[in-house]
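Heads up, the thing below is written out as structure tokens.
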Amino acid sequence: MRAVVKNGIGVFHPQGFLDGNSSTALLSIDDINATLKANADIILVSLKKVIFFNRNGLDTFIKMFNKVRSANHIIVGFCDYDTKKYQAIQKFYKDELTFSLFKTQEIANLFSNGYKNQEKNVLLYSDDKSQRTAIAIELHDNGHNPIVTQSQEEFLEKVKNKDAYDVIVDESYLGQMGQQVATRVTGNAIIYTLSSFLDAEIGNTFNIAYHNNSLNVGFRLFIFDAYKVVSMNVHALNFFSKLASAAAEYNATICFVGMTFEKTPMTFKETLEDAGIMFFEQMNDILENKELLEELGASSAAGAKNKRPLNKVIVSELANFVDATVATIEMMTNAQAIKEAANVDKIKIENPENKIASSIGFYGDIDGMVMLVFPIDIAKKSCELLIGESTDDLELILDTLAELVNIVGGKIKTLLSDENVHVDITLPRTYRNVQGLLEIAGDKKGVQVDLSFDNDKFLFFLTR
């Protein structure tokens, strides 16, 4: 199959049915390589003329996408689909969406080098906040003016005035942009969702590595959404009891919300409560009570147990970590970063007043943590585009900063992947002052890089 190449975008147009047999015959890696030789920097498969597809049919394309992206560092994915097809792809791949989705080719154009700096007014909405942030950042980086809507209601209201926007972006997705393992909520709590019957299998399905790294980053409140849990057996009881014991070493709290005990013995609840797990009927009983959030540990930090030294492998990747951080903040603030100093030592924060901070963990082939300290003015300016206006609301700034740092983590993950270093990332932990960050850093040594944005000091710290 030959692609239509225009302005750096190569689009393949299969027709009819896409299943495991037909897809192999429709497109080959040679077809894609020929398209790359035509100077395409985005490779897409259009679903406009596709009547039906299943996962086996898409898998054939995605395997080729992954090879091409790894070798050439370009955008790959699908375009030209309706809502039904978009929802089907989301359902098929859930947390495995390493490729991109563009509702139309017009939307894909916005991310192409051939359309850079054409300054389009773009109305943007995604119900995934991390994606909303990622798309806005990429659009801004390409010279466009994204108008970010924070809710579907706001989007539907603004979309009525179509003439006010050059392009409308919705039902689109950028692959390789962060990770959706758990849901971050206001108050620095992490929510895990449970369902059905809980047995020994929970030990296999629960991502314990992610959970442990979240503890290391500084998260102290973990909420299990148990509304859909029917019952649990003694194997699940033992798993959660051990999880609670491990959390106690970090002064962390584990809560269950919505759990009923119609088919689960009440003695199980008593055992879990003895282990330190708390039970609540409604999620809002926790999330809308700021005093309780603080009491449960969502705003506190205890020194992490993990005090391993940096190794050469992590230090060798320092440039990738710093580049991903600096490039994102430079673009968001329109200010150039000046490197002032770099050294290996314990974290040192001069003049900690009027500074906020964030940390994000990574684990896999290498593991560790990145800590970022922002002057409040830099944080406000960095978040202004994503909020849509200037604000002094610290809670809103912290919430938006977490999404921004999540994108930094996603960029780090992608840069490392390009060098065949594979990691997963935790959600970011934010701190309304630097004291909480210092408690997490403790006596750990790391690489500290002091930077300046328009004479405002910014600190980068890489540790384990």
Next on the checklist: Please report the interatomic distance CG(L26) to OG1(T60), rounded to the nearest 0.5 Å.
Outcome noted: 9.5 Å
Checklist entry - Counting only heavy atoms not in Q150, do more than 12 sit closer than 6.0 Å to its CD atom? => result yes
Next on the checklist: Test of understanding: with side-chain contact (heavy atoms from CB on, under 4.5 Å), list the residues that count as partners of D141, not counting sequence neighbours.
Outcome noted: M331
Checklist entry - Do S316 side-chain atoms and V313 backbone N/O form a donor-acceptor pair below 3.5 Å? => result yes
Item to check | From T149 atom OG1 to D170 atom CG, the distance as rounded to the nearest 0.5 Å | outcome: 9.0 Å
Next on the checklist: I'd like to check the salt bridge (Lys or Arg N to Asp or Glu O under 4.0 Å) partners of E154; sequence neighbours left out, ordered by chain and number.
Outcome noted: K158
Item to check | Minimum-distance pair of heavy atoms, taken over all atoms of A244 and I277 | outcome: CB-CG1, 3.7 Å
Next on the checklist: Just so I know, are the side chains of F53 and D19 near enough to count as touching, which here means a heavy-atom distance under 4.5 Å?
Outcome noted: no
Next on the checklist: Closer than 3.5 angstrom, by distance alone: can the side chain of R220 be matched with the main-chain N or O of L215 as a donor-acceptor pair?
Outcome noted: yes
Item to check | Verdict with reasoning, L318 to L462, per side-chain contact (heavy atoms from CB on, under 4.5 Å) | outcome: CA-CA 8 Å; L318 177 65; L462 174 65; 3.8 Å; yes
Next on the checklist: Please determine whether side-chain hydrogen bond (donor to acceptor under 3.5 Å, both in side chains) holds for the pair N212 and Y250, giving the CA-CA distance in whole Å, both sets of side-chain angles, and the decisive distance to 0.1 Å.
Outcome noted: CA-CA 10 Å; N212 289 337; Y250 288 84; over 6 Å; no
Next on the checklist: Parallel, tilted or perpendicular: which one describes the rings of F224 and Y192, with boundaries at 30° and 60°?
Outcome noted: tilted
Item to check | Results of salt bridge (Lys or Arg N to Asp or Glu O under 4.0 Å) for K160 - residues two or more places apart only | outcome: E157
Next on the checklist: Determine whether I286 and L296 satisfy the following criterion, side-chain contact (heavy atoms from CB on, under 4.5 Å), listing intermediate values before the conclusion.
Outcome noted: CA-CA 9 Å; I286 303 175; L296 293 179; 4.0 Å; yes
Next on the checklist: I'd like to know if K85 and E171 make a salt bridge, using a cut-off of under 4.0 Å between side-chain N and carboxylate O.
Outcome noted: no
Checklist entry - So, do I202 and L194 sit near enough that their side-chain heavy atoms are less than 4.5 Å apart? => result yes
Checklist outcome for this item: Closest non-hydrogen atoms of A402 and T430, given as atom of the first, atom of the second and distance, are CB-CG2, 3.7 Å
Checklist entry - Can you list the steps and then say if Q105 with D80 is a side-chain hydrogen bond (donor to acceptor under 3.5 Å, both in side chains)? => result CA-CA 6 Å; Q105 287 186 47; D80 299 330; 3.0 Å; yes
Next on the checklist: Between R429 and S359 (side chain of the first, backbone of the second, donor and acceptor by atom type, cut-off under 3.5 Å), is there such a pair?
Outcome noted: no
Next on the checklist: For a ring pair (Phe, Tyr, Trp, His ring centres under 6.0 Å) check, start with the C-alpha distance between F78 and F65, then their side-chain angles and the critical distance, and finish with the verdict.
Outcome noted: CA-CA 10 Å; F78 298 94; F65 286 165; 5.3 Å; yes
Next on the checklist: Within the structure provided, determine whether Y173 and L97 are in side-chain contact (heavy-atom separation under 4.5 Å).
Outcome noted: yes
Next on the checklist: Assess, by modelled atom type and distance only, whether the side chains of N233 and D199 contain a donor and an acceptor separated by less than 3.5 Å.
Outcome noted: no
Checklist entry - Just by modelled atom types, is the R2 backbone N or O under 3.5 Å from a matching donor or acceptor in the D31 side chain? => result no
Checklist entry - How about N204 and E201: does a side-chain donor come under 3.5 Å of a side-chain acceptor? => result yes
Next on the checklist: Quick check: do M259 and M232 have side-chain heavy atoms less than 4.5 Å from each other?
Outcome noted: yes
Checklist entry - With no hydrogens and no angle check, is any side-chain donor or acceptor of S100 less than 3.5 Å from a backbone partner on G77? => result no
Checklist entry - Once the angle between the rings of F374 and F458 is folded into 0 to 90°, is it parallel (under 30°), tilted (30 to 60°) or perpendicular (over 60°)? => result perpendicular
Next on the checklist: How close do P14 and S46 get, counting heavy atoms only, and between which atoms?
Outcome noted: CD-O, 3.4 Å
Checklist entry - Do the side chains of L404 and T400 get nearer than 4.5 Å, heavy atoms only? => result no
Item to check | Expected output: side-chain N213 to main-chain A209 donor-acceptor under 3.5 Å | outcome: yes
Next on the checklist: Is there a side-chain hydrogen bond (donor to acceptor under 3.5 Å, both in side chains) between T133 and N406? Walk through the geometry before answering.
Outcome noted: CA-CA 9 Å; T133 302; N406 196 35; over 6 Å; no
Checklist entry - Is the backbone of F92 close enough, under 3.5 Å, to the side chain of R55 for a donor and an acceptor to pair up by distance? => result yes
Checklist entry - Is the backbone N or O of N109 less than 3.5 Å from a side-chain atom of N7, with the two atoms forming a donor-acceptor pair by type? => result no
Item to check | Shortest non-hydrogen contact from A38 toward V5 | outcome: O-CG1, 3.9 Å
Checklist entry - Can E317 and N320 be said to form a side-chain hydrogen bond (donor to acceptor under 3.5 Å, both in side chains), step by step? => result CA-CA 6 Å; E317 299 295 345; N320 281 327; 2.8 Å; yes
Next on the checklist: Donor-acceptor check, side chain of Y210 to backbone of L427, threshold 3.5 angstrom: yes or no?
Outcome noted: yes
Next on the checklist: Please report the interatomic distance SG(C79) to CZ(F12), rounded to the nearest 0.5 Å.
Outcome noted: 11.5 Å
Checklist outcome for this item: By salt bridge (Lys or Arg N to Asp or Glu O under 4.0 Å), E281 pairs with (sequence neighbours left out) none
Next on the checklist: Give me the atom names and distance for the closest heavy-atom approach of L139 to F111.
Outcome noted: CD2-CZ, 3.8 Å
Checklist entry - Can you list the steps and then say if D399 with K129 is a salt bridge (Lys or Arg N to Asp or Glu O under 4.0 Å)? => result CA-CA 10 Å; D399 198 42; K129 190 173 182 180; 2.5 Å; yes
Checklist entry - Would you find a donor on one side and an acceptor on the other, under 3.5 Å apart, between the side chain of D128 and the backbone of Q131? => result yes
Checklist outcome for this item: So CZ of R464 and CD1 of I366: to nearest 0.5 Å the spacing works out to 9.0 Å
Item to check | Name of the residue among F240, F219, F206 meeting ring-ring contact (aromatic ring centres under 6.0 Å, His included) with H211 | outcome: F206
Checklist entry - When rounded to the nearest 0.5 angstrom, what is the spacing between CG in D367 and CG in D424? => result 12.0 Å
Item to check | Within-4.5 Å side-chain heavy-atom neighbours: L101 and Y86 | outcome: yes
Checklist entry - Rounded to the nearest 0.5 Å, how far apart are OG1 of T253 and CG of L221? => result 6.0 Å
Checklist entry - Do other residues, nucleotides or ligands put more than 12 heavy atoms under 6.0 Å from K116 NZ? => result yes
Checklist entry - Does a sphere of radius 6.0 Å around CG in N334 hold more than 12 heavy atoms from other residues, nucleotides or ligands, not counting ones at 6.0 Å or beyond? => result no
Item to check | Beyond-backbone contact of L401 with L372, side-chain heavy atoms, under 4.5 angstrom | outcome: no
Next on the checklist: Working note: F321 + F460, criterion ring pair (Phe, Tyr, Trp, His ring centres under 6.0 Å); need CA distance, chi angles, decisive distance, verdict.
Outcome noted: CA-CA 9 Å; F321 287 93; F460 171 98; 7.0 Å; no
Item to check | Set of side chain to side chain donor-acceptor pair (under 3.5 Å) partners for N121, sequence neighbours left out | outcome: N145
Next on the checklist: Using side-chain heavy atoms (C-beta onward) and a distance below 4.5 Å, is I62 in contact with Y93?
Outcome noted: yes
Checklist entry - So which pairs with a foot in residues 380-389 pass salt bridge (Lys or Arg N to Asp or Glu O under 4.0 Å), sequence neighbours left out? => result K380-D392
